[in-house]
Each structure stands twice: as C-alpha cells, then as structure tokens.
Number of protein chains: 2
Amino acid sequence: MVITAKGRATRQRIVEGTAVYLRGDEPGDVTLDDIRAITGTSKGQIFHYFPGGKEELLLAVARYEAELVLQDQQPHLGALTSRAAWGRWREAVVARYRAQGRHCPLGSLMAQVGGTPGASEVVTALLARWQEDLRLGIVAMREAGLVGDVDADRLAAAFIAGIQGGVQVLRSTGSTAHLEAVLDALLEGFGLAGPKIRS
Amino acid sequence: MVITAKGRATRQRIVEGTAVYLRGDEPGDVTLDDIRAITGTSKGQIFHYFPGGKEELLLAVARYEAELVLQDQQPHLGALTSRAAWGRWREAVVARYRAQGRHCPLGSLMAQVGGTPGASEVVTALLARWQEDLRLGIVAMREAGLVGDVDADRLAAAFIAGIQGGVQVLRSTGSTAHLEAVLDALLEGFGLAGPKIRS
DNA sequence: AGGATAGTGGACCGGACGGTCCAGACATCG
DNA sequence: CGATGTCTGGACCGTCCGGTCCACTATCCT
C-alpha cells in the first residue's frame with residue numbers, strides 16, 4: 001500500500017480535525033461517526049488510514065497534541081539560562097493552560113485510550129522530554145552560578161509533577177491558582193525567581 | 001420509600017464492592033453487569049438504590065473513595081506541628097500511593113463520570129479539605145517560629161498540585177519518583193524538612 | 001393473620017457504536 | 001486507453017450496555 005500525497009492530506013485532515021474537536025467545549029467521548037462528520041470523511045477512509053481502528057487513530061492524535069504542548073513553550077523552554085527566562089517560561093505555561101481552560105485535549109485522549117498498550121508511553125515520552133529540557137535549564141543556571149547546588153533531575157521532576165497537578169486541578173476548578181502556586185513555590189524555593197510565597 | 005437495615009446493607013455492599021473492583025488490576029470501564037456480578041445483586045437492586053443509574057452509583061463510590069484518601073493520611077495530616085510530623089506525613093502519602101500502584105480508583109472514576117454534573121465537585125471538595133489541613137499545618141509551623149513568613153494558602157495549594165501531579169505521573173510510569181521529588185522540593189524549599197534536593 | 005411496603009431477580013428492549021465489506025470514483029502508468 | 005492500485009462513500013452487522021418492567025419474595029406493622 002503506497003500512500004500518495006492526496007492520501008497523506010486526508011490522513012492529516014482526520015488527525016487535525018479530531019484534535020480540534022477534542023479541544024472543543026463538549027467532547028466527552030468521541031465516536032467514529034463524530035470524527036467522520038467533522039472531518040468530512042467516511043468510515044472507509046478512517047479504517048484505510050488507521051487499520052488499527054479508533055485506538056490507532058486516537059494514539060496518533062495524542063502524539064500530535066503532545067508535540068504541540070512542547071512547541072507552545074518555545075522558545076522559552078529551550079533557553080532557560082537566566083532568572084528572566086524562567087519567569088517568561090512560567091508565564092508561557094500559565095498562559096497556555098489558562099487559554100486551554102477546563103479542557104485538556106491530552107487528558108480526554110488518555111481517558112479514552114488510557115488502558116491500551118502504547119497509550120501511557122505517549123505521555124511518558126512527552127514528560128521525559130519536558131523534564132530533560134528543564135533539567136538542562138537548571139544545570140545551566142547552576143553552572144552560571146545563578147543558583148545553588150541542587151539535584152537538577154529531581155528538581156526538574158518536581159516541576160513536571162507540579163505542572164501536571166496544577167493542570168489537573170485546573171480541569172476541576174477552572175482556575176490556574178494551583179498551577180501558579182506550585183510554579184512560584186518551586187521557582188522561589190530554589191532561587192529561580194524572586195519571592196511570591198514568602199513575604 | 002423507607003430504607004430498612006437490610007436495604008442499607010445492600011446499598012453499602014454495592015458501593016464497597018464497586019470500589020474494590022475499581023481498585024483491582026484491570027478495571028477499564030465498569031459496566032452494570034460487572035457490578036451486578038461482583039456484588040451479587042441484580043439490575044433491579046441497583047436501580048432501586050440508585051435511581052439515577054450508573055452515574056449516581058459511581059458518584060457515590062467516588063465520595064466513598066475520597067473519604068478514604070483523607071483517612072489514609074491520618075493521624076499525620078491532622079497534626080502537622082513539627083518537622084518530624086511533616087516528614088511522617090510525607091512518608092504516609094508516598095506509602096499510600098506506592099501501595100496503590102499504577103491504579104488510581106478516583107482517577108478511573110473521574111474518567112468515567114467526569115463530564116456529569118457533580119463529578120468534579122467531589123474531587124474539588126476533597127482537594128479543598130486537603131489543602132485546608134495543610135494550610136493549618138503551615139500556619140502552626142509559622143506560629144511556632146519553625147518556618148519563615150510564607151503565604152500558607154498558596155504553599156498549601158502548591159502541595160496539592162504537586163501531589164496530584166505526582167500521582168498522575170505515577171499512573172503513567174509506575175514510579176513514585178516524581179511524587180517524592182515534588183514533596184521533597186516543596187518541604188525543603190520552605191524549611192519544612194532537611195535538604196534532599198540541594199546538596 | 002394479612003395487607004402493605006421494601007427488597008430481589010432477571011427477561012427484555014432500544015440505541016449507540018466499532019468495525020466489515022464492497023462497489024464505484026479517481027489517479028497513474030505502461 | 002485499459003490495467004492496476006489508491007481513495008472514497010456508505011449500507012450493513014453484531015455486540016455491548018444502560019435502563020425498564022414486572023413478577024415474586026421477605027419483612028414489618030397492626
């Protein structure tokens with residue numbers, strides 16, 4: 001089976017259309033008929049491009065969304081070499097999730113596809129890359145003498161956990177307060193930003 | 001409709017049986033037939049005690065599980081008045097979630113019932129109580145002069161976010177490393193425990 | 001005892017939804 | 001201009017599952 005340009009375009013339309021739908025207000029569980037309607041395709045096409053069916057399709061969408069998560073934090077995430085840069089990154093993260101609101105595309109994706117093999121790998125891989133970028137930033141700060149001697153990997157892991165939790169609370173409460181609190185607490189606790197928790 | 005002792009027992013059996021099932025290895029989505037089989041009941045009984053059907057039942061189970069989350073942290077959570085107490089609490093939290101493993105009962109409950117009215121209120125209420133207990137602990141430490149002048153509510157919120165995220169990462173990776181990292185980072189960053197991140 | 005009310009069992013229904021299948025349109029190339 | 005393979009549409013199927021309904025049984029009260 002050779003995929004032509006037209007075919008690739010259709011496949012892409014399916015993935016992106018599904019992603020857009022999942023970012024919408026009332027997604028709940030997506031059905032193949034939903035996807036068919038949104039993307040202007042047919043069952044035939046869906047199974048043509050995703051022989052594994054719904055599961056394979058949603059996994060593809062999850063990978064697509066995971067990529068966006070990291071992209072949305074650039075260029076800040078890639079150059080965490082000063083206190084100011086950490087501050088801008090913090091703002092970018094909060095802004096991204098505030099804009100996203102209660103609804104987390106990757107979250108509902110995982111809710112639907114969570115148990116299947118390969119599902120948690122997608123998010124694990126995302127978090128690993130994210131954590132590594134943070135770790136590099138912490139190391140850079142340490143080498144520049146801007147912060148003390150910390151376990152960069154563990155601190156990066158703490159940031160990852162904090163962000164995940166902040167976003168999860170956001171999904172329930174609709175407020176970014178927790179996300180901001182944990183980011184500020186970690187930044188401040190380790191000299192990556194000025195005092196906001198301590199008075 | 002008056003509920004007799006026998007009725008109450010049956011209702012309780014349904015809730016607890018469902019909770020046990022959800023704590024098991026391969027829950028995925030529960031069906032009413034699953035619940036029927038596990039709890040040795042019939043559809044008639046389920047709808048007798050939960051006229052709202054599956055949704056109402058799962059919400060009841062969620063409330064039941066939420067209660068357990070707080071209970072499992074006692075007596076530590078109620079008396080966070082010394083560095084040692086914070087340390088013991090940290091251990092209790094990590095132990096609880098390590099024992100729970102990849103599987104989070106409340107998590108899969110929310111995955112199934114997430115969109116329905118009242119669902120996020122259950123977890124919001126849980127987190128609010130949790131955060132309040134932490135806040136009281138921080139205030140106690142501050143008043144005892146054991147920590148500096150911090151915004152107790154924001155720091156408590158940071159803990160909540162961190163724990164939630166740590167648990168979520170645990171669900172994907174099976175490791176408590178992130179949970180421990182964020183707890184240690186926050187404890188250490190604000191003088192609630194000795195250095196583990198800084199060296 | 002006997003009627004009323006609570007509790008129980010399970011057959012049954014209807015809709016939703018993932019997946020199959022095949023016929024026809026379209027493109028590409030000898 | 002056929003032939004071969006890709007792309008597209010949608011009818012159709014089987015299953016799963018939440019929910020309804022009703023007959024039957026235990027329990028309680030007077």
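Keep in mind it's a predicted model, so treat the numbers as computed, not measured. Hydrogens, waters and symmetry mates are skipped; everything else that's a heavy atom, side chains included, is used.
Between B/T10 and C/dT8 there is a side-chain polar atom (N or O) within less than 4.0 angstrom of OP1 or OP2. Close to C/dT8, at under 4.0 Å from its OP1 or OP2, lies a side-chain N or O of B/Y49. Between A/Q45 and the phosphate of D/dT8, there is a side-chain N or O to OP1/OP2 separation shorter than 4.0 Å. Side-chain nitrogen and oxygen atoms of B/T41 include none within less than 4.0 Å of the OP1 or OP2 phosphate oxygen of C/dT8. OP1 or OP2 of C/dG7 lies within a sub-4.0 Å distance of a side-chain N or O belonging to B/T4.
A perpendicular orientation is assigned to the rings of B/W89 and B/F159, their planes being inclined by more than 60° (bins at 30° and 60°).
Atom CZ of B/F50 and atom P of C/dG7 are 12 Å apart (whole Å). Going from atom CD1 of B/I46 over to atom P of C/dA6 covers 20 Å, rounded to whole Å. Atom CD1 in B/I35 sits about 12 Å away from atom C1' in D/dC17, given to the nearest Å. Atom CZ of A/R36 and atom C1' of D/dA11 are 11 Å apart (whole Å). Atom CZ in B/R8 sits roughly 13 Å away from atom C1' in C/dA6 (whole-Å rounding).
Considering only the side chain of A/L32, C/dG18 comes nearest among D/dC17, C/dC26, C/dG18. For A/F47, taking side-chain heavy atoms from C-beta onward, the closest of the listed nucleotides C/dA11, D/dT8, C/dG19 is C/dG19. Taking the side chain of B/H48 as heavy atoms from C-beta on, and the options D/dG18, C/dT8, D/dG9, the nearest nucleotide is C/dT8.
When each of A/G44 and A/D29 is assigned the nucleotide of DNA chain C bearing its nearest heavy atom, the one mapping closer to the 5' terminus is A/D29. Heavy-atom distances to DNA chain D give each of B/K6 and B/V30 a nearest nucleotide, and the one nearer the 5′ end belongs to B/V30.
Between B/H178 and A/Q131, the side chains place a donor N or O and an acceptor N or O closer than 3.5 Å (distance only, hydrogens not considered). Counted by atom type alone, B/Q71 and B/E67 present zero donor-acceptor pairs between their side chains at under 3.5 Å.
When every heavy atom of B/L68 is checked against every heavy atom of B/R96, the shortest pair comes out as O-NH1, 3.7 Å.
Between the side chain of B/K43 and the base of D/dG19, at least one donor-acceptor pair of N or O atoms lies under 3.5 Å.
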